[in-house]
Structure formats: structure tokens, C-alpha cells
A.B. asks: 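Please see the structure below; I have some questions.
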Number of protein chains: 2
Amino acid sequence: MIDRDQAFERIRQAGLRLTPQRRAVIEELAGDRSHPLAENVASRVAARVPGVSLSTVYKILHELGGLGLVRELSLPGAMRFDPDVDPHAHLVCSECGSVYDIPVPVATTEDLFSAAERATGTDVIHMEVTLYGRCAQCSPRA
Amino acid sequence: MIDRDQAFERIRQAGLRLTPQRRAVIEELAGDRSHPLAENVASRVAARVPGVSLSTVYKILHELGGLGLVRELSLPGAMRFDPDVDPHAHLVCSECGSVYDIPVPVATTEDLFSAAERATGTDVIHMEVTLYGRCAQCSPRA
DNA sequence: GTCGGTGCAAAATATTTGCATTGTG
DNA sequence: CACAATGCAAATATTTTGCACCGAC
């Protein structure tokens, strides 16, 4: 995610109010590399905004997704959220379920986008690349 | 999906019984390009095997996924199933939710796999590439 | 002060699980 | 005829929705 203040600015630009709930979701998510569930975000936000409801957090996360401030990842079991909106792939460990960032060469990303736009004849908004395999933690060692 | 009989053979190889339910799921799914939900598969199977239960269909679909006969796609809202296990991407229409197959150049697929294996140091089992955008049906026309 | 935003509770949806019964090999 | 597989029902999990109240601007 871009920094705190840029995110606040985008919220205002969109005509939305900067409530303590929105502020806390943005601040808790910024810089987070753990690909948290909505529930994880909610419990961290709750430490700063007592009584925040899970449904509000869901609404805010989806809203931030629409503004391009957060990526919503459809992964097995549940949606996860990623403040890093620059192109990169994800590895999902088939053993423990952890999600890791994987860098993808810019040229490869561009190839995929153009192949898709050629095939469909329409604009592609965004792309998710998800890889499945055992992570280093879960691999049998020698 | 490879053809009916090859799929039956793999079922037997895996030590599983060729029940009417498994047979029907395989036959209904083979050649299907609609990326159906479990429920869609179940209702088609029900036409051939009256009384088949949704939970059995879920179990069989997941089993076929494990055998590599079907791809399980984690898409927004629900899982979808694809009998085509060769590398290709999917376009999800952000308007109507339809899923379309998108060809991906072999070289690009290989780039992604090798970038991922280099980054993680482990084997990647499989990969899902999902693109989001408006499909031709839902695009405003000139 | 207005009207967008929140919290709560309930609903909707998707998927999994336990267990008695059935039927394939 | 053994034991894997099914059907059923209930549990679980996730996400959405409706609405009365509240508070950011």
C-alpha cells in the first residue's frame, strides 16, 4: 500500500469520510506482509477502535479494494488482503496454508496482460497469479 | 480433462472404486468449458444418478483435483471446476461473473514457474492465473 | 444539522464432517 | 462379504444485508 497519508488523501478524494475505523484499517494494513484474513485485520483494528464490527471491516476492505489501495485475494478457504498493489505473484503452501510474495519479472507480467487483452479484445483490470506448493518451512530437509 | 476411459483408469490405479457417482461426475465434467460450480455439477449428475448428494459431489470433485484430473479454481464467491488441466489462464468478468479460458504462451508459463521456484527454493505444484475485466458480452459497444 | 457510516443481529452461501447404511470389487 | 463410499443432517465458516443509531464534516 502507498503510505498512510496518500491513502487518507484517496479516501477524501473519493468523497468518503475519514472515520476512525477507516483510519485504523489503513494503518494496520499498511506495510503488512502477512496477507491477513478479514478477521485478522478486524482483531488488530479492535485494539485501537474498541467495538469495531467485523462487518464494518469487511465493508472497508472491499471499499479499499475498489479504490485500488488493497488487493483482494480469492484464496482457498477465504479471502485475504494485500496492501502491496504492485504486480507480484503469491505462493500458497499446500501444507500450512501460508501465503508468500513471489517477484515476477516485469516482462512476464506484460506478456500475460497483452496475451489476455489480445484474446479477449477488452481491457484487463488486474491479474492474480497464485502458485501452489510446499513452502520452505514445510519442506522435508536433507 | 483427459478422456472418460483414461480418467476411469486413473481412478482404479488410485485404488478407488468406480461408483456410479464417480462415473457420472467424470462424464458430466469431461469436455465442459463452463467452469461450473459444485452445485451445477451436482444437478447434472442428479439427472443420471437420482438422489446423489451434494456432499458426495464435493468429495469427488476434490478427489479428482488431487488426482490431477480436474482443476479447482478459487474464484470470488465460490470454487469452480475445470476439466482442462493444461496450462491456461482465466478471465473473470467483473460485470457478470462468467469465466473464460485464456491461452497463455508456453514460454510465459515457464517463466512464471521458474521465477517462482528460484524465489522459493522449492517445487511448485501448480499455478493459477486469473485476470479480471469486463467480458465482450458486458462491454459497452460503439 | 445532514446524511454517510457504523454496530448488531440475522441471513445467505459455501463447504465440511460424523455416522449409519449401502453396494462395489 | 469386507470395507470403501454414499446420503443425510447438522455443523462450520465466510461474507452480506437491513436497519436503527451515531458522528464526521
Side-chain angles (χ1 to χ4, degrees), chain A residues 7-28 35-43 45-67 69-81 92 97 99, chain B residues 7-26 28 35-67 69-81 92 97 99:
Chain A
F8 293 166
E9 175 60 22
R10 295 261 215 117
I11 290 284
R12 259 182 282 122
Q13 279 174 5
L16 303 173
R17 295 178 182 173
L18 191 53
T19 61
Q21 292 84 346
R22 286 200 177 113
R23 184 188 288 270
V25 168
I26 289 168
E27 292 184 343
E28 288 300 325
H35 308 89
L37 303 169
E39 201 188 319
N40 302 144
V41 176
S43 62
V45 166
R48 302 157 103 287
V49 185
V52 67
S53 81
L54 182 54
S55 71
T56 295
V57 172
Y58 268 108
K59 282 171 199 160
I60 292 174
L61 287 169
H62 186 60
E63 199 169 72
L64 295 177
L67 294 176
L69 296 174
V70 164
R71 277 215 242 164
E72 305 173 80
L73 312 176
S74 279
L75 296 181
M79 195 140 281
R80 288 173 173 266
F81 301 88
V92 177
V99 181
Chain B
F8 293 167
E9 175 59 22
R10 296 261 215 118
I11 291 283
R12 260 182 281 121
Q13 278 173 6
L16 303 173
R17 295 178 182 174
L18 192 53
T19 62
Q21 293 84 346
R22 286 199 177 113
R23 183 187 288 269
V25 168
I26 289 168
E28 288 301 325
H35 308 89
L37 303 168
E39 202 189 317
N40 302 144
V41 176
S43 63
R44 283 198 260 147
V45 166
R48 302 157 103 286
V49 185
V52 67
S53 81
L54 183 54
S55 71
T56 295
V57 172
Y58 268 108
K59 282 170 199 161
I60 292 174
L61 287 169
H62 186 60
E63 199 170 71
L64 296 177
L67 295 177
L69 296 174
V70 164
R71 277 216 241 165
E72 305 173 81
L73 311 176
S74 277
L75 296 181
M79 197 139 279
R80 287 172 173 267
F81 301 87
V92 177
V99 180

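Since this is a predicted model, take the numbers as computed values, not measurements. By convention in this document, chain letters (A, B, ...) are assigned in the order of the sequence lines, proteins followed by strands, and residues within each chain are numbered from 1.
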A.B. asks: For a 4.0 angstrom threshold against heavy atoms of chain B, report the outermost contacting nucleotides of DNA chain C in 5' to 3' order.
C.D. replies: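 Listed 5' to 3', the contact boundaries are C/dA14 to C/dG25.
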A.B. asks: Considering non-hydrogen atoms only, spot the tightest contact between A/Pro20 and A/Val49 and give its length.
C.D. replies: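 In this case the closest contact between A/Pro20 and A/Val49 is O-CG2, 3.9 Å.
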A.B. asks: Protein within reach of the bases, or only the backbone? For nucleotides 14-24 of chain D, mark each nucleotide 5' to 3' as B, S or -, using heavy atoms under 4.0 Å.
C.D. replies: SBBBB----BB
A.B. asks: Residues in side chain to side chain donor-acceptor pair (under 3.5 Å) with A/Glu72, at least two apart?
C.D. replies: A/His62
A.B. asks: According to side-chain contact (heavy atoms from CB on, under 4.5 Å), who are the partners of B/Ala14, at least two apart in sequence or on a separate chain?
C.D. replies: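 With neighbours one apart ignored, the set is B/Leu16, B/Leu67.
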A.B. asks: With sequence neighbours excluded, what pairs up with B/Arg12 under the side chain to side chain donor-acceptor pair (under 3.5 Å) test?
C.D. replies: B/Glu9
A.B. asks: Residues two or more places apart in sequence or in another chain: which of them pass salt bridge (charged side-chain N to carboxylate O under 4.0 Å, His left out) with B/Arg10?
C.D. replies: none
A.B. asks: Not counting sequence neighbours, which residues clear side chain to side chain donor-acceptor pair (under 3.5 Å) with A/Glu63? List them please.
C.D. replies: A/Arg22
A.B. asks: I'd like to check the side-chain contact (heavy atoms from CB on, under 4.5 Å) partners of A/Leu18; sequence neighbours left out, ordered by chain and number.
C.D. replies: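 Checked A/Leu18 against side-chain contact (heavy atoms from CB on, under 4.5 Å); matches are A/Phe8, A/Ile11, A/Arg23.
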A.B. asks: Suppose we screen for side-chain contact (heavy atoms from CB on, under 4.5 Å). Which residues come up paired with B/Ala46, at least two apart in sequence or across chains?
C.D. replies: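 For B/Ala46, the residues satisfying side-chain contact (heavy atoms from CB on, under 4.5 Å) (neighbours in sequence not counted) are B/Val52.
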A.B. asks: With sequence neighbours excluded, tell me which residues meet salt bridge (charged side-chain N to carboxylate O under 4.0 Å, His left out) with A/Arg80.
C.D. replies: none
A.B. asks: Need one value for A/Leu61: base, sugar-phosphate or nothing, where a base atom within 4.0 Å counts as base even if backbone is also close, heavy atoms only.
C.D. replies: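 Counting heavy atoms under 4.0 Å across all strands, no contact is made by A/Leu61.
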A.B. asks: Could you list the residues that satisfy side chain to side chain donor-acceptor pair (under 3.5 Å) with A/Thr56, not counting sequence neighbours?
C.D. replies: A/Ser53
A.B. asks: Report yes if at least one side-chain N or O of B/Thr56 is closer than 4.0 Å to OP1 or OP2 of D/dT6; otherwise report no.
C.D. replies: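 Checking B/Thr56 against D/dT6: no side-chain N or O falls below 4.0 Å of OP1 or OP2.
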A.B. asks: Angle, rounded to 10°, between the helical axes spanning five pairs at each terminus of the helix from C/dG1-D/dC25 to C/dG25-D/dC1?
C.D. replies: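 Here the local axes at opposite ends form an angle of 40°.
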